[in-house]
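Every number for a ligand or one of its atoms is a count from 1 in the order of the listing. Numbers for residues simply follow the sequence, beginning at 1. The figures that follow rest on heavy atoms only: side chains count, while hydrogens, waters and symmetry mates do not.
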Amino acid sequence: MSRRTFFALGATVVLAACTGDDTDSGATTTAGTDPPADPSTTSAPATAASTTTATPTTTTTTTEAPVTLPGDPFTLGVSSGDPDARSVVLWTRLRPAEATLIDEVPVMWELADDEAFSEVTASGTLVAEARHGHSVHQVVEVDAPTYFRFRAGTWTSPVGRCRPTSSGDSVKIAAASCQHWETGFYAAYRDMAEWEPDLIVHLGDFIYEGAGDPEVGDGRVRTHGTPEPMTVADYRARYELYLSDPDLRRARAVAPWAVIWDDHEVENNYAGLIPQDDTDLAIFPERRDSAYQVWWEHMPVRLPPPNPGQDYPIHRSLRWGHLAHLLLLDGRQYRSDQACGGVTLSFDPPCDEVFEPGRTMLGVAQEAWFAEQLQATDGGWTVVAQQTVMSRLVPENGAILNYDQWDGYPAARRTLFSAVRDAGIDPIVVITGDIHLAGVGRLVDDDGTVLGTELVTTAISSGANVPAGAESLIEQFPDVVAVELEHRGYTRHTLTADTWSAEYRMVDDVRQQDSGVSTWRIVQLAAGSTELSL
Ligand code: FE
Ligand code: CA
């Protein structure tokens with residue numbers, strides 16, 4: 001049963017994000033690998049063949065990079081990401097039509113204190129390589145908010161704004177997820193860019209892999225226009241389509257991003273090396289390799305390119321002064337397959353498989369890394385950015401409504417909660433995407449101890465999984481505080497040492513590119529507490 005068929009049935013409660021006909025069964029564990037180095041110690045990715053060390057005080061004369069390109073190669077925009085206290089990654093990707101004739105394209109990067117680039121404060125050159133899709137990941141040193149741009153041939157890119165982390169009194173973090181091209185426009189991103197956040201955290205489903213719906217209408221405002229991507233070329237074309245949206249490009253340029261993936265960057269509800277459809281088992285590892293490579297090519301991440309046939313650890317941490325310690329998790333690559341056939345919206349009691357102690361969400365290595373990171377927290381907010389809903393949504397008969405969420409991985413959730421308790425830290429805040437609704441939940445351990453708060457951001461544009469009107473039903477679950485089902489949007493988190501404020505922004509009509517955006521609720525949380533005011 002496809003998700004659309006499911007909608008057509010008019011189910012009243014579909015607590016199933018990104019569901020599909022996953023009929024796999026049998027717990028298969030994909031083991032984790034070594035954790036990646038902390039971004040502050042990770043060296044520049046291999047593609048960034050920098051020939052100039054960036055120092056914000058160095059002035060370099062700008063010269064044309066010696067290459068002739070027939071058209072503007074910078075139409076995919078610019079971005080930055082994974083900042084630390086001294087540096088940030090700058091990203092662009094040359095538009096393929098302008099770069100395919102040349103294996104190696106010389107590109108210059110430039111920094112300036114003003115948007116007009118009246119004085120270039122630092123610059124360098126690098127090579128955009130065909131084997132990396134002509135993408136560029138350049139680590140530059142910055143000590144304050146800074147403008148950046150790229151040049152290739154006679155062409156100059158749009159200007160982006162990047163920054164390092166800071167030791168200031170507050171930080172503005174926007175949280176985003178789930179931006180299905182076909183089911184809505186990106187007014188949320190226009191509104192996000194206007195807010196000028198310090199950091200944008202993307203929780204996954206940056207693209208959707210579905211085949212293009214031939215018909216606009218029936219809830220679709222535009223079409224993918226191509227079949228389901230399988231190869232590197234296919235996935236590149238899908239990212240190029242998404243980045244053709246000006247509101248998305250604007251948000252990508254306005255502040256550094258910290259990005260993790262969920263399932264749709266590869267395929268709906270995949271688990272480790274297990275695809276949604278059994279028939280794809282043989283080709284899935286290669287398909288996943290292609291998807292991972294192309295994800296890296298388009299994301300401003302401080303990570304090396306993935307190696308085909310190997311795990312690709314993307315879990316990492318980011319410290320924002322003493323205010324926040326962000327742990328960015330990967331709940332897709334190492335997880336056990338969804339239990340009990342991965343059925344969605346079943347009110348039947350679960351099968352025994354779901355309770356098997358070896359079932360994992362993060363994999364053993366990532367779990368160990370997570371526990372170490374918590375032990376190393378030195379005050380401030382501990383923020384866990386991850387994919388699927390962690391709060392319990394379990395009816396009285398113990399039914400599991402969505403086997404793709406943490407409810408379907410109870411042993412793994414117990415392990416994660418134990419790590420939080422063992423670290424002896426203040427309650428955590430988990431920020432979550434995936435489910436296309438806005439929600440506030442409590443993270444409650446088996447003995448009733450409240451270990452933290454979950455703030456679920458709704459989708460930027462992906463269609464609702466739960467029809468509006470089911471709010472009161474969902475709010476009956478003991479660990480759910482509030483939900484909003486009707487609107488798409490994103491969340492503005494403002495953190496100070498004492499207070500966390502989460503402003504849920506809602507797009508009036510996701511079918512309108514110029515839609516207004518308004519506030520549903522501002523949720524406040526005091527440091528050290530799980531008491532919420534809404
Ligand atoms: Fe999604
Ligand atoms: Ca998802």
Side-chain angles (χ1 to χ4, degrees), residues 2-4 6-7 14-22 24 175-186 188-189 201-211 213 219-221 224 228-229 238-239 242 248 259-272 274-277 288 291-292 295 299 314 328-335 337-338 342 344-345 361-362 385-391 393 401-409 430-439 454 456-467 483-485 487-491 507 510:
S2 77
R3 192 164 75 188
R4 297 189 69 200
F6 200 81
F7 296 158
V14 188
L15 293 165
C18 315
T19 57
D21 29 8
D22 185 339
D24 300 327
S177 74
C178 296
Q179 55 201 48
H180 200 300
W181 177 260
E182 297 186 327
T183 55
F185 290 106
Y186 295 158
Y189 274 130
V201 177
H202 199 288
L203 299 161
D205 291 356
F206 190 95
I207 58 157
Y208 281 71
E209 86 292 4
D213 200 303
R220 313 253 148 172
V221 299
H224 281 145
E228 199 165 322
R238 190 54 62 91
Y239 281 90
Y242 278 57
L248 174 56
V259 185
I260 50 177
W261 57 37
D262 193 23
D263 51 341
H264 287 285
E265 283 84 350
V266 182
E267 185 198 51
N268 181 48
N269 278 5
Y270 84 92
I274 307 203
Q276 172 175 237
D277 303 314
R288 198 184 79 165
Y292 282 6
W295 176 85
M299 294 299 133
I314 67 159
L328 302 155
L329 304 189
D330 176 0
R332 264 317 142 185
Q333 186 177 186
Y334 311 110
R335 68 156 72 192
D337 197 13
Q338 290 86 355
T344 50
L345 190 63
M361 179 69 99
L362 302 178
Q386 57 94 46
Q387 288 80 12
T388 55
V389 169
M390 196 180 284
S391 303
L393 302 171
L401 301 178
N402 185 343
Y403 283 88
D404 189 57
Q405 298 181 166
W406 286 85
D407 276 340
Y409 298 79
V430 173
I431 57 175
T432 301
D434 176 62
I435 192 151
H436 311 177
L437 59 78
E454 182 169 33
V456 181
T457 194
T458 190
I460 292 282
S461 61
S462 303
N465 289 313
V466 187
V483 290
E484 207 278 6
L485 306 175
H487 295 96
R488 312 282 73 82
Y490 71 102
T491 311
V507 176
V510 76

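Rounding to 10°, one obtains 90° for the angle at the Ca ion (ligand 2) between OD2 (D205) and OD1 (D263). Expressed to the nearest 10°, the angle at the Fe ion (ligand 1) joining OH in Y208 with SG in C178 is 100°.
Between Y242 and Y208 the shortest heavy-atom distance is OH-N, 3.2 Å. The two residues H436 and D205 come nearest to each other via the heavy atoms NE2-OD2, 4.4 Å.
At a cut-off of 2.8 Å, D205 coordinates the Fe ion (ligand 1) through an N, O or S atom. For residue H264, no N/O/S atom approaches the Fe ion (ligand 1) to within less than 2.8 Å. Residue contacts to the Ca ion (ligand 2): D404 brings no N, O or S atom closer than 3.0 Å. At a threshold of 2.8 Å, the Fe ion (ligand 1) has no backbone or side-chain N, O or S atom of S177 nearer than that distance.
For the pair V510 and S461, the minimum side-chain heavy-atom distance is below 4.5 Å.
When the N, O or S atoms of H436 are ranked by distance to the Fe ion (ligand 1), NE2 comes first. Summary: OD1 is the N/O/S atom of D434 found nearest to the Ca ion (ligand 2). Within D262, the N, O or S atom lying nearest to the Ca ion (ligand 2) carries the name OD2.
Between the side chains of Q387 and D434, no donor N or O sits under 3.5 Å from an acceptor N or O. Side-chain polar atoms of R335 and Y409 form a donor-acceptor pair below 3.5 angstrom. For Q386 and W406, the side-chain atoms include at least one donor-acceptor pair closer than 3.5 Å.
Residues Y292 and W261 bring their aromatic ring centres within 6.0 Å.
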